[in-house]
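Reviewing the structure listed below.
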Amino acid sequence: MKIAHVCTPHGFGHLTRQLALGIELEHLCASSTYYCHNASIVKESHPNAKYIVKSADVGLIQKDSLHIDFDQTLRVLDDLCTEKKLQWWMEELAPYDAVIADLPPIILEACRRIQKPVLAVGNFDWAWIYRHYQPLKNWSKQWDKWQKGHVALSLSPGPAMEGFTILDTVSVISRPAEPYPVPSNGILLSFGGLGLADLNKIPRFSDVLWILTPATPYIERPDFRYISDVPYQNLIEGSEILLSKAGYSILSESMRSGTKQIWLHRSQFPEAPYLEEYAQQREDILLYEDLVTPTFADELMDAIQKLRSKKTARIRVNEVSKAAQCIFQFFQKQLSH
């Protein structure tokens, strides 16, 4: 079975969970091709799979990890989601047996028009997200039309996927990992495009070494250590504590490893409360203060000390096998009709 995985380029969660699924689907005699924005992650995680660097939608373009650029989002939507691009996707996807959309609405509509088996996979959908923002409400209405009537595998934590027929709901899914030996005083810092200025605002503590990867802007600080050529999931697997913001990718991969987490609240993102509530249920710590407030450093150190003193066993969650079985059986049924 030849499956095309078409991934929204917003962050890394859409791609990393599809890589986890593709690896599992390969055990079921399915082959995967990833349409995505980051070839290096594919080559690192699923090296024998095919990939095509191509974006079907945009999600939300961000100024940094915590703020949205609506003007640029609208400009890119006007370019990517046209009738001409829709026709291109119809021709491109025709040779595959089945398609997973995570979660570009244009892919769902393209598959509807060519009667191609397609399954949406997500912990939210873009019509629901866009509905929260006045500049994007017209696009939300378009997404509603393109998503209507499709079947979805719903991931938790997240809001219910409106307008879809829900095939099943599974908990977090994540790639396999091997632990990398992070120093005992090291805390993994994970903010993607946090930005050079904000990164320098991370407090300095005498007993904390912040661990970063070269994709993060380089800053010469004695308490920053950049580790290169190590798959990020392996750094998470080897870390006791992680400082990040609540996104599906980082949450799922820390749930796989059982890593303790400190989250910065993401007030502009409607899916954040679902992710943050889930994280707090497993006794992670959520900080509402901004990096620039006078009390942030004190609250952050209190959180670090609290997690360091907690001697609980790692609780691991990963339902990737269950999800892959569900997807494979769904496509088998569709293809037999």
Requested in this report: Identify the residue among R175, E253, R256, E178 that makes a side-chain hydrogen bond (donor to acceptor under 3.5 Å, both in side chains) with Q233.
Outcome: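 Exactly one option meets the side-chain hydrogen bond (donor to acceptor under 3.5 Å, both in side chains) with Q233, and it is R175.
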Requested in this report: For the residue pair H14 and H10, categorise the inter-ring angle as parallel (less than 30°), tilted (30 to 60°) or perpendicular (more than 60°).
Outcome: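 The arrangement is perpendicular - the two ring planes meet at more than 60°.
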Requested in this report: On the 0 to 90° scale, with breaks at 30° and 60°, tag the W143-W146 ring pair as parallel, tilted or perpendicular.
Outcome: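 Rings of W143 and W146: tilted, as their planes differ by 30° to 60°.
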What do you reckon, is [atom1] of [X] surrounded by more than 12 foreign heavy atoms closer than 6.0 Å?
{"X": "K137", "atom1": "NZ", "result": "yes"}
{"X": "K322", "atom1": "NZ", "result": "yes"}
{"X": "Q281", "atom1": "CD", "result": "yes"}
{"X": "K148", "atom1": "NZ", "result": "no"}
{"X": "N48", "atom1": "CG", "result": "yes"}

Query raised in the report: Hey, what do you get for CZ (R17) to CG (D102), rounding to the nearest 0.5 Å?
Result: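 The distance works out to 4.0 Å.
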Over all heavy atoms of both residues, which pair between [X] and [Y] is shortest? Give the atoms and the distance, please.
{"X": "I250", "Y": "W263", "answer": "CG2-CZ3, 3.5 Å"}
{"X": "P270", "Y": "W128", "answer": "O-CH2, 3.4 Å"}
{"X": "F296", "Y": "L287", "answer": "CE1-CD1, 4.0 Å"}
{"X": "L15", "Y": "C36", "answer": "CD1-CB, 3.8 Å"}
{"X": "L21", "Y": "V121", "answer": "CD1-CG1, 4.5 Å"}

With a 4.5 Å limit on heavy-atom distance, are the side chains of [X] and [Y] in contact?
{"X": "P157", "Y": "V172", "answer": "yes"}
{"X": "C326", "Y": "L153", "answer": "yes"}
{"X": "T216", "Y": "L189", "answer": "no"}
{"X": "Q18", "Y": "Y35", "answer": "no"}

Query raised in the report: Hey, which of L77, V76, D71 is the one that makes side chain to side chain contact (heavy atoms under 4.5 Å, CB included) with T73?
Result: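 Exactly one candidate clears the test, L77.
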Requested in this report: Check each of S252, S174, S257, P176 against N318 using the side chain to side chain contact (heavy atoms under 4.5 Å, CB included) test, and report the only one that passes.
Outcome: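 The residue from S252, S174, S257, P176 that satisfies side chain to side chain contact (heavy atoms under 4.5 Å, CB included) with N318 turns out to be S174.
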Between [X] and [Y], a side-chain donor and acceptor under 3.5 Å:
{"X": "E83", "Y": "Q87", "value": "yes"}
{"X": "S32", "Y": "H5", "value": "yes"}
{"X": "Q72", "Y": "R75", "value": "yes"}
{"X": "S190", "Y": "Y232", "value": "yes"}

Query raised in the report: Less than 4.0 Å between a side-chain N and a carboxylate O, is that true for E237 and R316?
Result: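 A salt bridge is present here (some side-chain N lies under 4.0 Å from a carboxylate O).
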Query raised in the report: Can we say K116 and E92 salt-bridge, meaning some charged N sits less than 4.0 Å from an Asp/Glu carboxylate O?
Result: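 Salt bridge absent between K116 and E92.
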